[in-house]
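Only this structure's heavy atoms are used, side chains among them; waters, hydrogens and symmetry mates stay out.
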Amino acid sequence: MNEITELSYALDTFYFLICGVLVMWMAAGFSMLEAGLVRSKNTAEILTKNIALFAVACTMYLLLGYYLMYSGAAGGILPNLGFLLGDENTVAAVTAGGEDAPYYSMRADFFFQVVFVATAMSIVSGAVAERMKLWAFLAFAVVMTGVIYPVSGYWTWGGGWLAEVGFSDYAGSGIVHMAGAAAALAGVLVLGPRKGKYGKDGSVFAIPGANLPLATLGTFILWMGWFGFNGGSELKVSDVSSANNMAQVLVNTNAAAAGGVIAALILAKAWFRKADLTMALNGAIAGLVSITADPLSPGALGATLIGAVGGLLVVVAIVGLDKLKLDDPVGAISAHGVAGIWGVLAVPLTNDGASFGAQLIGILGIFAWVFAASLAVWLVIKAIMGVRVSEEEEYEGVDLAECGLEAYPEFTVSKVHGGGSGRSRAEPSGQARPLAPRTE
């Protein structure tokens, strides 16, 4: 291997890893967004879900998912089974050169892919918030990240039958985001709405989130992380063409997010007569999801328009799902599912190599598999351990029921369980009560 090739290998590997780090940072964005859009009594539990699902996703993808997704025969339907990662690039393999020589470390490829599967699972978290049992959710995460997502991932990025059909999805509007939304929809159908969300006469009651500054911070973190999500999907950056593509992808990603915010905000003002912040936040996410299927082919103005359509669709979808009594506290199904479908369908508008027929087949194939498989898993979990907390636990908040602590304890003391740091000393009764006012 000559020095130029070695430098390219090192640069592409480093670029891939840094993009993976940016996508990992999106886990923080999902955590903050969801924590801000739920009520304070459910905040600790949803934060627990987010950090736990990330750990589960990383472990299951290491044990099974990565091999399922990338070891099957070209054009196949059923992937291979395997355990752990294959052999890493050896010095001999890299220095041998030739057409088959890898141009970045395969460990970097795994790292980039594993944070994608965690993103798909994060989408489910917000949709089932405030009434699902923590351990039922984590049980589903094991199957989703270890089997369900890798199978449809093999069909597409792994070279399976959808890749042979000509399905095009640059960074995952359908493969990642719509898949996550399909799994979330199945969970919402099994779970049912939160108490008090819908009236018997069909009326819809708003349940405001506890911390909109936190939700806004989460959206900005996701916006930033998306530069790694889409930018890393170029796969290399060490030549002029790839470097230019990377720049175009980042410009378009940013433009689509901006278009989504503006369109959602304008529609919310026209429809509700108020500049609804939550719709603007979902507009940003929808714009990002919409452009993810092809952030390279459009010009910057075209990307802005694609994102704007996503921003309009997410507002309509959120209202529409409420009319159907499908309770999604954070709008995940709308922002990732509806906008994801639009993003996949928008690819042929600017990419001559894509066709609407192949895109439709991809949407139907991925959605049908993920939804059906997820529904079956949710129903099995419901039969074995139940999926929903009791009505009393939902009223008091799942923080106490599932985690035994509160995210916003204010001025209370509680009995210490275990050796947690920073906990108050136990009251004689073991019951939490307000502190007495100070007297001077």
Side-chain angles (χ1 to χ4, degrees), residues 33-43 45-46 49 123-134 136-137 140 178 180-212 215 264 267-283 285-286 312-341 367 371 374-375 378-379 381-383 386-402:
L33 176 62
E34 293 170 18
L37 293 179
V38 300
R39 289 165 289 183
S40 59
K41 62 182 180 180
N42 301 311
T43 306
E45 192 265 355
I46 205 164
K49 279 199 306 186
I123 295 166
V124 184
S125 172
V128 299
E130 301 201 293
R131 73 270 200 208
M132 173 166 275
K133 291 182 177 180
L134 173 64
F137 173 83
F140 176 79
M178 186 190 67
L185 177 60
V188 167
L189 289 172
V190 172
L191 195 59
R194 291 168 291 175
K195 296 295 182 183
K197 176 63 178 177
Y198 304 114
K200 294 181 179 179
D201 60 352
S203 55
V204 179
F205 299 97
I207 302 179
N211 195 327
L212 290 183
L267 180 56
K269 176 62 177 177
W271 197 347
F272 315 128
R273 303 193 185 283
K274 299 291 182 182
D276 190 318
L277 173 61
T278 61
M279 291 299 182
L281 300 180
N282 271 308
I285 304 301
L312 297 175
L313 287 173
V314 76
V315 176
V316 174
I318 288 172
V319 174
L321 288 181
D322 266 340
K323 291 186 180 297
L324 295 174
K325 295 187 177 181
L326 295 173
D327 185 16
D328 179 358
V330 305
I333 297 171
S334 301
H336 297 272
V338 175
I341 292 171
F367 184 88
F371 179 79
S374 298
L375 185 62
W378 285 125
L379 290 173
I381 294 173
K382 181 179 181 180
V387 294
R388 185 163 184 149
V389 299
S390 69
E391 188 170 344
E392 181 181 359
E393 288 172 336
E394 184 178 346
Y395 176 77
E396 292 179 349
V398 290
D399 280 5
L400 291 175
E402 295 289 301

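Side-chain atoms of Glu394 never come within 3.5 Å of backbone atoms of Val389 as a donor-acceptor pair (strictly under, hydrogens ignored). For the pair Lys49 (side chain) and Ser125 (backbone), a donor-acceptor distance under 3.5 Å is present. Side-chain atoms of Asp399 come within 3.5 Å of backbone atoms of Thr43 as a donor-acceptor pair (strictly under, hydrogens ignored).
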Side chain to side chain contact (heavy atoms under 4.5 Å, CB included) between Tyr198 and Leu324, intermediate numbers included: CA-CA 10 Å; Tyr198 304 114; Leu324 295 174; over 6 Å; no

Please report the C-alpha distance between Ile46 and Phe137 in whole Å, then the side-chain angles of each, then the deciding distance to 0.1 Å, and finally whether the side chain to side chain contact (heavy atoms under 4.5 Å, CB included) criterion is met. CA-CA 11 Å; Ile46 205 164; Phe137 173 83; over 6 Å; no

Worked verdict on Met178 versus Phe367 for side chain to side chain contact (heavy atoms under 4.5 Å, CB included): CA-CA 7 Å; Met178 186 190 67; Phe367 184 88; 4.1 Å; yes

In sequence, state the C-alpha distance, the side-chain angles, and the governing distance for Leu400 and Lys41, and then conclude on side chain to side chain contact (heavy atoms under 4.5 Å, CB included). CA-CA 8 Å; Leu400 291 175; Lys41 62 182 180 180; over 6 Å; no

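Take Asn42 and apply the side chain to side chain donor-acceptor pair (under 3.5 Å) test, not counting sequence neighbours, and it matches Glu130. Partners of Ala280 by side chain to side chain contact (heavy atoms under 4.5 Å, CB included), not counting sequence neighbours, listed by chain and number: Val261, Leu265. Remark: Val188 engages Ala127, Val128, Arg131, Leu326, Ile333 in a side chain to side chain contact (heavy atoms under 4.5 Å, CB included) (not counting sequence neighbours). Residues satisfying the ring pair (Phe, Tyr, Trp, His ring centres under 6.0 Å) criterion with Phe140, sequence neighbours excluded, are Trp378. Scanning for salt bridge (charged side-chain N to carboxylate O under 4.0 Å, His left out) contacts around Glu402 gives an empty result, with sequence neighbours left out.
Within 6.0 Å of NZ in Lys382 there are 12 or fewer heavy atoms belonging to other residues, nucleotides or ligands.
Judged as a salt bridge (Lys or Arg N to Asp or Glu O under 4.0 Å), the pairs with a partner in residues 325-339 (not counting sequence neighbours) are, in order, Arg194-Asp327.
Using a 4.5 Å heavy-atom threshold, the side chains of Val316 and Leu267 count as touching.
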